[in-house]
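Read through the structure below, which is laid out as structure tokens, and then see the notes.
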Protein chains: 2
Amino acid sequence: MHAQTATQLSTPVPDQQAGWMEGTSHAQHLVKLSHNEPLFYDGDEADFIYEVVEGLIISYNILPDGRRQVLGFSYPGDIVGLSHDGIHHHCSSAGGAAKVRSMPRGMLMRVARERPEIAAKLLVCATSQLSRVQDHFVLLGCKCAQEKVASFLLELAKRYTNEGDRSVTFELPVKRSDIADYLGTTIETVSRQLTKLRTAGVIDLPQTSVVHVRDMIALGQLAEVDDSTF
Amino acid sequence: MHAQTATQLSTPVPDQQAGWMEGTSHAQHLVKLSHNEPLFYDGDEADFIYEVVEGLIISYNILPDGRRQVLGFSYPGDIVGLSHDGIHHHCSSAGGAAKVRSMPRGMLMRVARERPEIAAKLLVCATSQLSRVQDHFVLLGCKCAQEKVASFLLELAKRYTNEGDRSVTFELPVKRSDIADYLGTTIETVSRQLTKLRTAGVIDLPQTSVVHVRDMIALGQLAEVDDSTF
DNA sequence: CGACGGCTTGATGATCATCAAATAGGGTGG
DNA sequence: CCACCCTATTTGATGATCATCAAGCCGTCG
């Protein structure tokens, strides 16, 4: 890794999990998505399972009156589209240009049946999604606006830092509205909390979509994480 | 089963999934739990996976300052304690007297390796938990107090009704504080919303822990579910 | 340059959390 | 069986947080 200047963006820590679906079959297909292009809708038949190859996938649910809850952001290496009953129970679409590797659900299930290690991988995928989901429950149900935004930044920051780093600079991968719908709040509140963090000297905002965390420790405290790594 | 009077409690619709872990091995153990007795804590090694046999298991996370988020309630037939990394990432304890069937995680994984249908069951468990979880995200992130409480009652009511039933009577399996922590609100708000629903004629509260839903349709509308079964 | 979308900032109000007190319910022991 | 106590729940009053409405700003792109 090369020397870092104050404002240089970090690159994400590589994900060892990436690419594991390769080699399971030749029936794969690389799908290119443009910004906001949907991968599937709520209620669609879950004929395919996807691995994010490039870019970002946003999963969300929408209430009849338009309120939206962003369920999560999926990065390269992540699996999207798992379903227990063959029906998708949420929408997923690209948050910018993206590529995904698709795999027929039926075929993957068949492969899983023959190769237990593939089944195990799928199970790990599902259960680790469950784990991450639990932290977000706490965020949505317990935390105040300040803690929500701090937690979100910390979550991102962790993707770019190694243990013990004091500061880091990275780009926000999504718009304010996506952040707001992810945190169960509004764009105005997100904006206000960001400026509050900037004023407090915890972060800098060189550009609207670039965050420089000056004090990871302080950010962790504001996020109210019980994580013992802090 | 005996005849039903107006105020008689319904019994839950039987769960076909129940008991599937039976017969996978002799290494099972039936654990009896008394009220509030913990099954495991956040951070414990996930040496066992459990199937609820009787009673109710409450899973939750707690922030350093005491705030609690109830992740979900597990009923007979449900699986508790799945983990992707061998560590529990939440606490689970009994909400009243309960029995669970425990099974060593390592052994279950070995069995899953030999018998793909068991692996598939586990995968279905995990992914269906993921599905339910998504609806709750919407509840926590988007819905107002009224909608939260209505959604909760509806969720319970569905366990006791068949498609098309107009009314149903059932017992609330948990205290107000558990409901509040599940819905990301407070006991006072839950109480107020319940009386509001009673005043509106949507429900009755013969006892503090017994709910009689008079109008499922109205309840569904108040819950803002996009569910097409209504 | 002008227009547009996204973001910030300000002002106001509603919802809901908090604090406080009264009531109901359930269980125990006399 | 009743009185009592402890906990859970309801109800009320108040205030803080945050959503909403509105306006101005910034960066981008045609």
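Order of the sequence lines sets the chain letters (A, B, ...), proteins ahead of strands, with each chain counted from 1. Keep in mind it's a predicted model, so treat the numbers as computed, not measured.
Look at CD1 on A:Ile187: it is 7 Å from P on C:dC7, rounded to the nearest Å. Across the protein-nucleic acid pair, A:Gln207 atom CD and C:dC7 atom P stand 13 Å apart, rounded to whole Å. Nucleotide C:dA14 holds its C1' atom 15 Å from the CD atom of B:Gln146, rounded to whole Å. Between the CD atom of A:Glu147 and the P atom of D:dC18 there is a distance of 9 Å, rounded to whole Å. Distance, A:Ile203 CD1 to C:dT8 C1': 14 Å, rounded to whole Å. Atoms CD (B:Gln193) and C1' (C:dA17) sit 13 Å apart, rounded to a whole Å. If you measure from atom CG of A:Asp181 to atom P of C:dG6, you get 13 Å, rounded to the nearest angstrom. Following rounding to the nearest Å, A:Leu183 (CG) and D:dA19 (C1') show an atom-to-atom distance of 15 Å.
A 4.5 Å side-chain heavy-atom check between B:Lys148 and B:Gln193 finds every atom pair outside the cut-off.
Out of C:dC7, D:dT9, C:dT9, the shortest distance to the side chain of A:Lys175 is found at C:dC7. Looking at the side chain of B:Thr208, the nearest of the listed nucleotides D:dT9, C:dC7, C:dC16 is D:dT9. Here the side chain of A:Ser191 is nearest to one of C:dT9, C:dT18, D:dC18, namely C:dT9. Ranking D:dC21, D:dT11, D:dA19 by closeness to the B:Glu188 side chain, first place goes to D:dT11.
The side chain of A:Thr195 contributes an N or O atom lying less than 4.0 Å from OP1 or OP2 of C:dT9. Considering only side-chain N and O atoms, B:Ser177 lies nowhere under 4.0 angstrom from the phosphate OP1 or OP2 of D:dA8. Using a 4.0 Å cut-off, some side-chain N or O of B:Thr189 falls inside it from OP1 or OP2 of C:dA17.
With hydrogens and angles left out, the side chain of A:Arg192 and the base of D:dT20 share a donor-acceptor pair within 3.5 Å.
Between B:Arg176 and the options B:Thr186, B:Thr189, B:Ile187, a side chain to side chain contact (heavy atoms under 4.5 Å, CB included) holds for only B:Ile187.
A pairwise comparison of heavy atoms in A:Gly220 and A:Leu154 identifies CA-CD2, 3.9 Å as the closest pair. Contact record, B:Ala180 with B:Val190: CA-CG2, 3.8 Å, taken as the closest heavy-atom pair. A:Asp204 and A:Arg198 make their closest contact through OD1-CG, 4.3 Å (heavy atoms, listed as atom of the first residue, atom of the second, distance).
Between B:Asp181 and B:Lys175, no side-chain nitrogen of the basic residue sits less than 4.0 Å from a carboxylate oxygen of the acidic one, so the salt-bridge criterion is not met. Between B:Asp178 and B:Arg68 there is a salt bridge, since at least one side-chain N of the basic residue sits less than 4.0 Å from a carboxylate O of the acidic one.
The C1' atoms of five pairs define one axis at each end of the helix from C:dC1-D:dG30 to C:dG30-D:dC1, and these two axes lie 30° apart (to 10°).
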